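In listed order, ligands and their atoms are each counted from 1. This is a predicted model, so every value here is computed, not measured.
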Amino acid sequence: NPFKGSLDPAKLRDCIARHGAEKIPFVRMEASTNLIGGQPFSIANMREIRGICDEFGIMLVLDASLIGENAYFIKMREDEFKDSSCADILKTMCGLADLVYFSARKVSSSRGGGICTNDHSIAKKMEHLVPLFEGFLTYGGISVREIEAMAVGLYETTDLTVISQSPSFIEYFIGQMVDMGIPCVTPAGGLGAHIDAGRFLPHIPQEDYPAGALAAAFFIASGVRGMERGTLSSVRDENGNDILADVELLRLAFPRRVFTLSQVKYVADRMKWLYDNRDLIGGLEFVEEPPVLRFFMGKLRAKSDWPEKLAAKYRQDFGESL
Ligand SMILES: *Cc1c(COP(=O)(O)O)cnc(C)c1O
């Protein structure tokens with residue numbers, strides 16, 4: 001499926017019928033969808049969702065933090081837009097939303113972020129909050145220098161050679177994983193390559209955070225810092241039980257303009273070694289668990305001495321070399 005980030009229109013209609021449109025303040029689409037492996041949606045899908053939102057008078061919000069990558073995939077995978085410029089694709093996507101917000105770190109390689117709308121009634125509703133939380137309306141709490149840098153970054157996002165960079169590295173890496181039989185999310189998405197920890201470590205129960213364990217094990221075997229995207233990134237229910245994630249993924253992010261191909265090859269090589277030694281990897285448990293967004297600041301420990309055993313096997317195979 002080239003567009004795994006697309007929303008299911010039938011499920012959206014069901015959801016509206018179940019809860020009532022008046023209880024739904026907005027529908028949010030994420031370009032590209034982070035937690036399922038940076039997967040894009042199509043403009044055809046966004047148009048359909050826009051239609052449903054119009055029918056029920058619900059606002060459509062676009063998370064544009066990774067919009068460059070989603071636009072790139074639309075150009076590559078959606079026939080109608082194969083000859084369109086990136087700028088036209090970006091404008092089409094933003095034009096379909098009532099409100100667009102983004103992390104400047106990702107979309108424009110600058111600090112801060114933004115909330116954009118050309119709907120005055122929506123802007124009016126938010127206006128009085130800006131001086132309260134950010135700064136006066138004319139600068140919104142960001143320095144002018146940063147806004148200038150953001151503008152440069154946004155222009156760069158219209159350049160195919162810039163926005164194709166990270167997806168091309170990811171596609172290469174995912175190709176290597178597929179060739180070596182290492183479970184991962186396909187097709188290659190934006191943001192990062194996503195290793196399927198559920199299938200990589202079937203012997204670790206979800207309660208022991210297999211994706212977190214894989215991240216720790218991979219750091220031991222390579223010095224590469226990946227990010228858990230699974231049950232650790234989820235929350236607990238009202239009884240204190242983990243809400244098990246639908247997918248347990250290790251994200252290896254490939255930001256643009258950061259890596260060389262030889263570094264990518266090194267990562268693939270160490271992942272192969274780890275896959276061959278996956279039986280040595282065990283689970284994790286929390287030592288310190290923050291009540292919100294626990295994956296950012298929480299501390300965990302191994303449930304046995306598996307990290308030591310993994311490191312010992314590493315030394316046996318590679319000596320002290322990295
Ligand atoms: C990273 C990300 C964010 C948050 O970005 P910050 O820079 O941490 O504010 C929001 N949405 C998506 C889709 C992201 O990938």
If you draw a 6.0 Å radius around CD1 in I52, do more than 12 non-hydrogen atoms from other residues or ligands fall strictly inside?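 Enclosed.
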Taking side chain to side chain contact (heavy atoms under 4.5 Å, CB included) as the test, write out the residues that go with E48, two or more places apart.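 For E48, the residues satisfying side chain to side chain contact (heavy atoms under 4.5 Å, CB included) (neighbours in sequence not counted) are P9.
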State which residues pass side chain to side chain contact (heavy atoms under 4.5 Å, CB included) with F136; sequence neighbours excluded, sorted by chain then number.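 Side chain to side chain contact (heavy atoms under 4.5 Å, CB included) list for F136, sorted by chain: T138, Y139.
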So if I apply the side-chain contact (heavy atoms from CB on, under 4.5 Å) rule between L191 and each of I170, L252, L66, which one comes out positive?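 Among I170, L252, L66, the one that satisfies the side-chain contact (heavy atoms from CB on, under 4.5 Å) with L191 is L66.
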Residues which pass ring-ring contact (aromatic ring centres under 6.0 Å, His included) with F173, listed by chain and number, not counting sequence neighbours: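 ring-ring contact (aromatic ring centres under 6.0 Å, His included) list for F173, sorted by chain: F254.
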Check: V162 main-chain N/O paired with Q165 side-chain donor or acceptor under 3.5 Å: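 Absent.
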Pairs of nitrogen or oxygen atoms, one from ligand 1 and one from the protein, closer than 3.5 Å: please tabulate them with distances.
| from | atom 1 | to | atom 2 | distance (Å) |
| --- | --- | --- | --- | --- |
| ligand 1 | 5 (O) | S103 | OG | 3.3 |
| ligand 1 | 7 (O) | S103 | OG | 2.5 |
| ligand 1 | 7 (O) | R105 | NE | 2.6 |
| ligand 1 | 7 (O) | R105 | NH2 | 3.1 |
| ligand 1 | 9 (O) | R105 | NH2 | 3.4 |
| ligand 1 | 11 (N) | D63 | OD1 | 3.4 |
| ligand 1 | 11 (N) | D63 | OD2 | 2.7 |
| ligand 1 | 11 (N) | S65 | OG | 3.3 |
| ligand 1 | 15 (O) | N34 | ND2 | 2.8 |
| ligand 1 | 15 (O) | K106 | NZ | 2.7 |

